[in-house]
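So you know, we letter chains A, B, ... as the sequences are listed, proteins then strands, and number each from 1. This one's a predicted model, so the numbers in the text were calculated from it and none came from an experiment.
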There are 2 protein chains.
Amino acid sequence: MDALTASDATDAFAALSQPLRLQAYRLLVQAGAEGVAAGAIAARLDVRQNTMSANMAVLLHAKLVRRERRGRSIVYFADFATMQSLLGFMLEDCCGGRPDLCQPLIQEIACAC
Amino acid sequence: MDALTASDATDAFAALSQPLRLQAYRLLVQAGAEGVAAGAIAARLDVRQNTMSANMAVLLHAKLVRRERRGRSIVYFADFATMQSLLGFMLEDCCGGRPDLCQPLIQEIACAC
DNA sequence: TCAATATTTCAAATATTCATGAAATATGGA
DNA sequence: TCCATATTTCATGAATATTTGAAATATTGA
């Protein structure tokens, strides 16, 4: 995937900076390739559908999620390529001369998976 | 370091969702252990000192940066432990049953360093 | 102690974000 | 075609964030 612009990155961070959206995003990260239907996300997080829809639109605009119609439902998925770009943007050049600082960081992220 | 709460995570993302703060944070990530003085950050990003100061306070509250007085200057540093926790929070359980999806992600992040 | 430097804090005006109710759109089945 | 289901879009008011000028704090050196 392409590198993010600074504006793409701030959009993504803004999208993740709201509790409901962060919860929804983590739900989709955990659901993986199966995705979760719009209504199921709202039910799971106990909010109205239109509130959830407005918030999903923010995640969608930030390209952190994708969606796909399946019959009457619309199923959302986390977009891992964007997450990857975002992390790359944040960490860019973090090791300029100090790989000893960076290596344990990578190690720990790997463990979170 | 401790695991982040959802509130810590949204605070951190909110802090990174503003262009000036994201630029400042990346500057500190790249500067590493040397850090950058408050005035130098403002000068480098071409904003007034009090505007920069208010924005650094947001990064500080989110624990994404630390600071330390050195003579007349106050020097800021990126806090890598918080970044690590934040990435862990985002990626938690992302591989529930699908390590094949997660491994290339980790690989790519490692390359960004 | 006095003045200069480096930075933060405060209060205010402006701009942005958020949840909501109501209306609109799209799909599937009788 | 008609109705129910699933979801989004729109307009609005309330809450929150952002920048700014002015004033305050802390440090250094003469």
Side-chain angles (χ1 to χ4, degrees), chain A residues 6-28 31 34-79, chain B residues 6-28 31 34-79:
Chain A
S7 170
D8 291 336
T10 51
D11 283 354
F13 287 127
L16 295 172
S17 73
Q18 211 274 344
L20 193 56
R21 290 195 296 261
L22 182 56
Q23 283 183 276
Y25 182 70
R26 299 212 319 153
L27 200 62
L28 294 177
E34 289 191 9
V36 184
I41 298 173
R44 181 94 172 253
L45 302 183
D46 194 28
V47 291
R48 290 158 195 263
Q49 282 194 330
N50 63 351
T51 295
M52 197 70 252
S53 177
N55 281 297
M56 292 313 292
V58 176
L59 287 169
L60 203 56
H61 175 258
K63 298 198 174 72
L64 284 165
V65 304
R66 284 172 298 108
R67 70 182 174 189
E68 176 181 307
R69 181 174 279 278
R70 271 193 205 162
R72 271 187 277 214
S73 295
I74 292 181
V75 180
Y76 282 87
F77 309 87
D79 186 327
Chain B
S7 170
D8 290 337
T10 51
D11 282 355
F13 287 126
L16 295 172
S17 73
Q18 211 274 347
L20 193 55
R21 289 195 297 261
L22 182 56
Q23 283 182 277
Y25 182 70
R26 298 213 317 152
L27 200 61
L28 294 178
E34 289 192 8
V36 185
I41 299 172
R44 181 94 171 254
L45 302 182
D46 195 28
V47 292
R48 291 159 195 263
Q49 282 194 329
N50 62 353
T51 296
M52 199 68 253
S53 177
N55 281 297
M56 293 311 293
V58 176
L59 287 169
L60 204 56
H61 175 257
K63 297 199 175 74
L64 285 165
V65 305
R66 284 173 296 107
R67 70 182 173 189
E68 175 181 308
R69 180 174 281 277
R70 269 191 206 165
R72 269 185 278 214
S73 295
I74 291 180
V75 180
Y76 283 87
F77 309 87
D79 186 327

Any side-chain heavy-atom pair of Val36(B) and Val75(B) under 4.5 Å: no
Residues in contact with DNA chain D, drawn from residues 53-63 of chain B - heavy-atom cutoff 4.0 Å: Asn55(B)
Strand contacts (DNA chain D) in residues 35-49 of chain B, 4.0 angstrom heavy-atom criterion: Arg48(B)
Is any side-chain nitrogen or oxygen of [X] closer than 4.0 Å to OP1 or OP2 of [N]?
X	N	answer
Thr51(B)	dT20(D)	yes
Tyr76(A)	dT8(D)	yes
Ser73(A)	dT7(D)	yes

Suppose we screen for side-chain hydrogen bond (donor to acceptor under 3.5 Å, both in side chains). Which residues come up paired with [X], at least two apart in sequence or across chains?
X	answer
Arg69(A)	none
Asp11(A)	none
Arg67(A)	Tyr76(A)
Tyr25(A)	none

Which residues share a side-chain contact (heavy atoms from CB on, under 4.5 Å) with Thr10(A), sequence neighbours left out: Pro19(B), Leu22(B)
To the nearest Å, how far apart are [X] [atom1] and [N] [atom2]?
X	N	atom1	atom2	answer
Arg67(B)	dA26(D)	CZ	P	12 Å
Glu68(B)	dT27(D)	CD	P	13 Å
Ile74(A)	dA6(D)	CD1	P	12 Å

Euclidean distance, Leu16(A) CG relative to Gln23(A) CD, rounded to 0.5 Å: 12.5 Å
Strand contacts (DNA chain C) in residues 7-24 of chain B, 4.0 angstrom heavy-atom criterion: none
Considering all heavy atoms, the nearest Glu34(A)-Arg70(A) contact: O-NH1, 4.2 Å
Considering all heavy atoms, the nearest Ala15(B)-Leu64(B) contact: CB-CD1, 3.9 Å
With the criterion being N/O to N/O and under 3.5 Å, what pairs connect the protein with nucleotides 22-30 of chain C, and how long is each?
from: dA22(C); atom 1: N6; to: Asn50(A); atom 2: ND2; distance (Å): 3.1

Axial bend angle, the helix from dT1(C)-dA30(D) to dA30(C)-dT1(D): five-pair end segments, nearest 10°: 30°
Validation: residues 41-63 of chain B side-chain donor-acceptor distances under 3.5 Å, sequence neighbours left out:
from: Asn55(B); atom 1: OD1; to: Arg21(B); atom 2: NH1; distance (Å): 2.9
from: Asn55(B); atom 1: ND2; to: Thr51(B); atom 2: O; distance (Å): 3.0

